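Here the structure is a predicted model, which is why all the values come from computation and not from measurement.
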Amino acid sequence: MAVNKTVNKRTNSHGAMRNCIEYVLRQDKTSEQLIYVTGPYCHDAINYDLVYRTFLEEKKLWNKDSGRMYAHNIISWHKDEQITPEQAFEFGKEFAEKWFQGFQTLVAVHKDKDHIHCHLVTNSVSYEDGKKLHTTKKDLERMKQFTNQMCRKRGLTVAEKGKHFDGSEIEKGEVIAWNKDKYNLFRQHAKDSFVADCAMAVLKALENCISKEKFIEKMKQFGWSVNWTEKRKHITFQNQDGKKVRDSNLSKTFHLDISKEALEYEFNGNYERTRAEAERTNGSDEEFAGYYRQVEAACEGAGRNAGESVGREGRVAGEKSEDERVYSGISGKDTQVENGKTAVVLRESRNARRNAEVERRNSADDSRTVRNAETQSVLTAEQRRLEEQKRIDEQERARAARRRNKRRSGPEL
């Protein structure tokens, strides 16, 4: 049973695309034998930086480095499906090459869970004609049918509405919520279900949450303690009445992916959105350069004794610092309590911006090289066209001369 899910998250920033590619290619989830890039890819190795730069170069080549950056699909199989990681890899490659034909697609199979699943990250700009990738609701239905067709071709189970993996009917009273709207509709009629209460609390806690610690803190505010450790495979939620719910139970009941992997991916996405919004709010590059200088000075002065003078870094009581204005979500009490975490966030933001600048310059150089090669190719093609036209004109003149000679000679007696 293969379920093809399109991840509908904000995909309109370079950072989001880079984070997604980095996550998909994590070494603890996949291996070199289970990764592949369809379309133009000139590097021998496949890593997140090279794939990211390759996608970016294609966008700049067609002058379409804005808007939606990529599409992310996950094809997952039931844990009882008889399929190997290698077979899943071939399945993902075939799907990418046929469905996303003309678009670069990163294919990677993850085997760190009890069920095999394949990630597909597709560049939103076609390398054939520069057109952007658009997916409608009808396309999603066609994608589902195509996935089922590929399953039948391989003798795999096909998902059927109203039935379990083994083909048995879903009993009356079981709750299958296919999307958040249906889940909310169910929630209105199931106020006595502590499992539904837990699912709703998880969805609320995930909003704008950027770390595991913050998520656990928010769940506690909603009346749920969280047992999330490295030694345990599953996350366990427990309410004030002592009733427990596993993440696997929520996923099975409501078809909501609430595994450790999915939650960490959500945290990364929220963090990237927060950082991008902070960058937009802060203004120009010059202002950012000044801001990072102040942050570096603040970090260097963090180890001073309490009695030492802060000199020029002091400010009027009640006035917000530059980092508090930019990162309002981690200012005030949070900044005082979590000084270490704040410093890490700021350093990561600074390093990410510097890396992005280096990549931008490298991409600009690469794009110039590509454009020069394209210009030379266009000139060569134009020269060939002119030579071909000259040859055709000469042939036409020769045929015209033969016709004139024939008319002058007249009919033979």
Exercise. Tell me, with the steps shown, if V51 and Y41 meet side chain to side chain contact (heavy atoms under 4.5 Å, CB included).
Key: CA-CA 8 Å; V51 175; Y41 187 77; 4.0 Å; yes
Practice problem: Using the side chain to side chain contact (heavy atoms under 4.5 Å, CB included) rule, take K220 and E217 through it: C-alpha gap first, then chi angles, then the decisive distance, then the call. | Solution: CA-CA 5 Å; K220 187 176 181 180; E217 181 182 337; 5.7 Å; no
Exercise. May I have the step-by-step check of side chain to side chain contact (heavy atoms under 4.5 Å, CB included) for I235 and N227, ending in yes or no?
Key: CA-CA 6 Å; I235 305 172; N227 185 0; over 6 Å; no
Self-check item: K59 and N123: CA distance, side-chain angles, deciding distance, side-chain hydrogen bond (donor to acceptor under 3.5 Å, both in side chains) verdict
Solution: CA-CA 8 Å; K59 296 177 186 297; N123 194 347; 2.8 Å; yes
Quiz item: Step by step, would you call D49 with R53 a side chain to side chain contact (heavy atoms under 4.5 Å, CB included)?
Solution: CA-CA 6 Å; D49 184 62; R53 289 183 59 185; 3.8 Å; yes
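The backbone N or O of V245 sits nowhere less than 3.5 Å from a side-chain atom of N249 that would complete a donor-acceptor pair. In this structure, the side chain of H78 engages the main chain of D80 through a donor-acceptor pair within 3.5 Å. A donor-acceptor pair under 3.5 Å is absent between the side-chain atoms of K93 and the main chain of T38, judged by distance alone. A donor-acceptor pair under 3.5 Å is formed between the side chain of Q104 and the backbone N or O of P40. Side-chain N or O atoms of N270 include one that pairs as donor or acceptor with a backbone N or O of L206 at under 3.5 Å. One N or O on the side chain of S225 and one on the backbone of Q238 form a donor-acceptor pair closer than 3.5 Å.
In this structure, the side chains of I46 and E32 stay at 4.5 Å or more apart for every pair of heavy atoms. For the pair I35/L25, a side-chain contact is recorded, criterion being any heavy-atom separation below 4.5 Å from C-beta on. Contact check for Q240 versus W224: no side-chain heavy atoms found under the 4.5 Å cut-off. In this structure, F89 and C118 have side chains that are not in contact, with every pair of non-hydrogen atoms separated by 4.5 Å or more. Considering only heavy atoms from C-beta on, I116 stays 4.5 Å or farther from K79 through its side chain. Contact check for L120 versus I75: side-chain heavy atoms found under the 4.5 Å cut-off. Counting heavy atoms from C-beta outward, F237 and K244 have side chains that stay 4.5 Å or more apart. Looking only at side-chain heavy atoms (C-beta outward), V37 and V107 stay at 4.5 Å or farther from each other.
Listed by first and then second residue, the salt bridge (Lys or Arg N to Asp or Glu O under 4.0 Å) pairs that reach into residues 393-404 are E396-R399, E396-R403, sequence neighbours excluded. Sorted by first and then second residue, the salt bridge (Lys or Arg N to Asp or Glu O under 4.0 Å) pairs with a member in residues 61-77 read K60-D65; sequence neighbours excluded.
Counting all heavy atoms, side chain and backbone alike, A16 lies closest to S13 at N-OG, 3.1 Å. The shortest heavy-atom contact between A205 and M219 is CB-SD, 3.8 Å. Closest approach of A108 and V24 over heavy atoms only: CB-CG1, 3.5 Å. Between F55 and L106 the shortest heavy-atom distance is CZ-N, 4.2 Å. Across every non-hydrogen atom of Y70 and V121, the tightest pair is CD1-CG1, 3.9 Å. Heavy atoms only, all atoms of each residue included: V158 and R152 are closest at CG2-CG, 3.5 Å.
Between E90 atom CD and L34 atom CG the span is 9.5 Å, to the nearest 0.5 Å. Between atom CG of residue N73 and atom OG1 of residue T6 there is a gap of 4.0 Å, rounded to the nearest 0.5 Å. In this structure, Y52 OH and R18 CZ are separated by 6.0 Å, a value rounded to the nearest 0.5 Å. The CZ atom of F100 sits 6.0 Å away from the OG1 atom of T105 when rounded to the nearest 0.5 Å. Taking NZ of K144 as the start and NZ of K5 as the end, the distance is 15.0 Å to the nearest 0.5 Å. Interatomic distance, SG of C198 versus CD1 of I258, reported as 7.0 Å (0.5 Å rounding).
Under a 4.0 Å N-O distance rule, the pair D28/R26 qualifies as a salt bridge. Taking the charged nitrogens against the carboxylate oxygens, R391 and E388 do have a contact shorter than 4.0 Å, which makes a salt bridge.
Under the rule for a side-chain hydrogen bond (donor to acceptor under 3.5 Å, both in side chains), Q221 has no partner lying at least two apart in sequence or in another chain. Scanning for ring-ring contact (aromatic ring centres under 6.0 Å, His included) contacts around F222 gives an empty result, with sequence neighbours left out. Shown here are the side-chain contact (heavy atoms from CB on, under 4.5 Å) partners of S248, two or more places apart in sequence or in another chain: H234, R246. Remark: T30 engages no residue in a side-chain hydrogen bond (donor to acceptor under 3.5 Å, both in side chains) (not counting sequence neighbours). For K153, the side-chain contact (heavy atoms from CB on, under 4.5 Å) test picks out E94, K98, with sequence neighbours left out. Here F91 pairs with W77 under the ring-ring contact (aromatic ring centres under 6.0 Å, His included) rule; sequence neighbours left out. With sequence neighbours left out, the side-chain hydrogen bond (donor to acceptor under 3.5 Å, both in side chains) criterion links Q145 to E141. Residues meeting the side-chain hydrogen bond (donor to acceptor under 3.5 Å, both in side chains) test with H72, sequence neighbours left out: H119, Y265. Legend: residues meeting side-chain contact (heavy atoms from CB on, under 4.5 Å) with D112, ordered by chain and number and at least two apart, are K29, H110, H117, E261.
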Show which side-chain atoms of residues 126-134 pair as donor or acceptor with protein atoms under 3.5 Å away, not counting sequence neighbours.
{"unit_1": "S126", "atom_1": "OG", "unit_2": "G102", "atom_2": "O", "d": "2.9"}
{"unit_1": "S126", "atom_1": "OG", "unit_2": "E128", "atom_2": "N", "d": "3.1"}
{"unit_1": "S126", "atom_1": "OG", "unit_2": "D129", "atom_2": "OD1", "d": "3.2"}
{"unit_1": "D129", "atom_1": "OD1", "unit_2": "K131", "atom_2": "N", "d": "3.1"}
{"unit_1": "K132", "atom_1": "NZ", "unit_2": "S66", "atom_2": "O", "d": "3.2"}

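Enclosure of atom CD in Q27 is not indicated, since only 12 or fewer non-hydrogen atoms of other residues, nucleotides or ligands lie within 6.0 angstrom. Annotation for R154: atom CZ counts as buried by contact number, over 12 foreign heavy atoms lying within 6.0 Å.
Note on ring orientation: taking the six-membered ring where Trp is involved, the planes of F267 and F215 are tilted (angle from 30° to 60°).
Inspection of the N4 and T147 side chains reveals an N or O donor paired with an N or O acceptor under 3.5 Å. Side-chain contact of S259 with D247: a donor-acceptor pair under 3.5 Å is absent, judged by distance alone.
Ring centroids of F95 and F146 are separated by less than 6.0 Å, placing the two rings close together.
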